[in-house]
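So that the names make sense, note that chain A is the first sequence line, chain B the second, and so on, each numbered from 1.
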There are 2 protein chains.
Amino acid sequence: MSRRGGDTVQDRIVALIHERRLEPGAPMPTEPQLMDLLGASRNSVREAIRALQALGIVEIRHGYGTFIGHASLDVLSPSLEFRIRTGAQGGIRALHDLVEVREILETGLIAKVATTTSASRLSALDALVTALQTDPEADRAFHALLYESCGNELVLQLIDLFWRVYHQVESAVGAPAERTHDIVANHRRIVDALRAQDAAGAQDAMRRHFRDVKERIAHAQAAQEGAAA
Amino acid sequence: MSRRGGDTVQDRIVALIHERRLEPGAPMPTEPQLMDLLGASRNSVREAIRALQALGIVEIRHGYGTFIGHASLDVLSPSLEFRIRTGAQGGIRALHDLVEVREILETGLIAKVATTTSASRLSALDALVTALQTDPEADRAFHALLYESCGNELVLQLIDLFWRVYHQVESAVGAPAERTHDIVANHRRIVDALRAQDAAGAQDAMRRHFRDVKERIAHAQAAQEGAAA
DNA sequence: CCGCATTTGTCCGTATGTATA
DNA sequence: TTATACATACGGACAAATGCG
């Protein structure tokens, strides 16, 4: 029932939000109110709200109320993770596609921020590069901080989403054979190019970084095929 | 209850899918079976399934059954559209971010396919360019056909998703002041560069295309601010 | 074409847990 | 602590849609 069309309970709730100009954080009507407004039973209203919650359009706080959400992109995490894990070849193909999207996004963005990265940000990036050797979250923070100055919230959330999904399925699809030394070197090259305000050099460094990531995936694929034989 | 963790009904259903190695298109257990398997009531099972449906992980057919879905990215359409429409300044800022993501993706991809576009595909692109003047869907088909040879299903779905969301909110946020002549010229430049196997030229043509799109958005923003004054 | 079984959709009533005041 | 409002969960019942004999 939920697909295209304006007559489902779910769509009518979304229309109600837009009509009332409810902004993120604002309280939703309570379930009894929605039952009355939409002429639907509690069960139908609840199911529609659960679907909207899965999309990040509303947020439910236990025993308190339901509120307008921010529709953050990270609601796609379970869907993307599922997509990869059910993909052919144990999802390695889908994982490669995911990394390629990351590469396209980050090589495109790095050129935009290459000349607008402040000195303080550069030193913060330096600190994160050294932290890479011990803390895996430093890598996530590194890629997030890189593009913080671009002023595009959507692309920041996209990059963070893909980073999280990749590292979540990486462990499930097989050990990545981390070579910390190469990883640190790749990240340091990126920072060096930014410090020199060398956009093309930063793009090259980013491409090299992802080339190694894709090599690890290909290696995992070969190991998997070997195990299958 | 639905957030992170492995003890919710929703997460247990996903775990069940993975345990049974159910692939897209395969039938899910029926609601009574899930009630028995998970020890939950029918309402709880139904709400969890509705959330999974919203994520594209399952597909429900009334009176027939529930099946494993493909987790296609287009489930994000309502979420993205909501995100833009509730954004500041009537969503124009968010719309600009969306177009910028499209630009990054397409300028990055066009370089990858610049040398692998067959002659038959080029003539098909030519036909779509002429169709642009009458059929708005030709634009969508054009951008889809451009990258069909890249072999990355994920990025294809991303580009198509962003195209649809943009054109859906474009009408809601204000008339775009279409100038068909310029649009056709921009697309033709792209095809010409591909025919010459000129990757850099194709990127330039793509950037010019999106520069015009962003100009239209800025124009709509100025008109809106003028109306508010 | 019809009727049947299966499955999902909707609804009702009730009880329980939780957060706020 | 108590009271209230809210979300959560359960069980039962009937309606609607689909596929099949």
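For B:R12 (side chain) and B:L38 (main-chain N/O), a donor-acceptor pair under 3.5 Å exists by modelled atom type.
In this structure, CD of B:Q10 is placed 16 Å from C1' of D:dA9, rounded to the nearest angstrom. The CG atom of A:N43 sits 17 Å away from the P atom of D:dA16 (whole-angstrom rounding). Counting to the nearest Å, the P atom of C:dG9 and the CZ atom of A:R50 are 15 Å from each other. Atom CZ in B:R61 sits about 8 Å away from atom P in D:dG19, given to the nearest Å. If you measure from atom CD of A:E47 to atom C1' of D:dC10, you get 14 Å, rounded to the nearest angstrom.
With no hydrogens or angles considered, no side-chain donor-acceptor pair links A:S149 and A:R121 at under 3.5 Å.
Scanning residues 17-38 of chain A for heavy-atom distances under 4.0 Å to DNA chain C yields an empty list.
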>> With side chain to side chain donor-acceptor pair (under 3.5 Å) as the criterion, how do B:D11 and B:T8 come out once you've worked through the C-alpha distance, each side chain's angles and the decisive distance to 0.1 Å?
In response: CA-CA 5 Å; B:D11 292 329; B:T8 72; 3.0 Å; yes

> For A:R140 and A:E137, what are the C-alpha separation, side-chain angles and deciding distance, and is it a salt bridge (Lys or Arg N to Asp or Glu O under 4.0 Å)?
Replying inline: CA-CA 5 Å; A:R140 178 181 176 186; A:E137 277 293 311; 3.7 Å; yes

>> Show, in sequence, the C-alpha distance, side-chain angles and deciding distance for B:I104 and A:N152, and conclude whether the side-chain contact (heavy atoms from CB on, under 4.5 Å) test is met.
In response: CA-CA 12 Å; B:I104 294 172; A:N152 188 328; 5.7 Å; no

> B:T86 and A:L22: side-chain contact (heavy atoms from CB on, under 4.5 Å), yes or no, with the steps?
Replying inline: CA-CA 8 Å; B:T86 59; A:L22 297 180; over 6 Å; no

> Does the side-chain contact (heavy atoms from CB on, under 4.5 Å) test come out yes or no for A:M28 and A:L34, once each step is laid out?
Replying inline: CA-CA 9 Å; A:M28 285 274 295; A:L34 285 176; 4.3 Å; yes

Nucleotide N/O to protein N/O under 3.5 Å, stretch nucleotides 19-21 of chain C:
none

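For the OP1/OP2 pair of C:dG9 and a distance below 4.0 Å, the side-chain nitrogens and oxygens of B:R46 include at least one atom meeting the criterion. The side chain of A:R42 contributes no N or O atom lying less than 4.0 Å from OP1 or OP2 of C:dC12. Listed pair A:T66 / D:dA7 meets the phosphate criterion, a side-chain N or O lying under 4.0 Å from OP1 or OP2.
Pairs of residues two or more places apart, or lying in two chains, never qualify as ring pair (Phe, Tyr, Trp, His ring centres under 6.0 Å) while including a residue from residues 26-58 of chain A.
The aromatic rings of A:W163 and A:H167 lie parallel to each other, their planes meeting at an angle below 30°, with 60° marking the opposite boundary.
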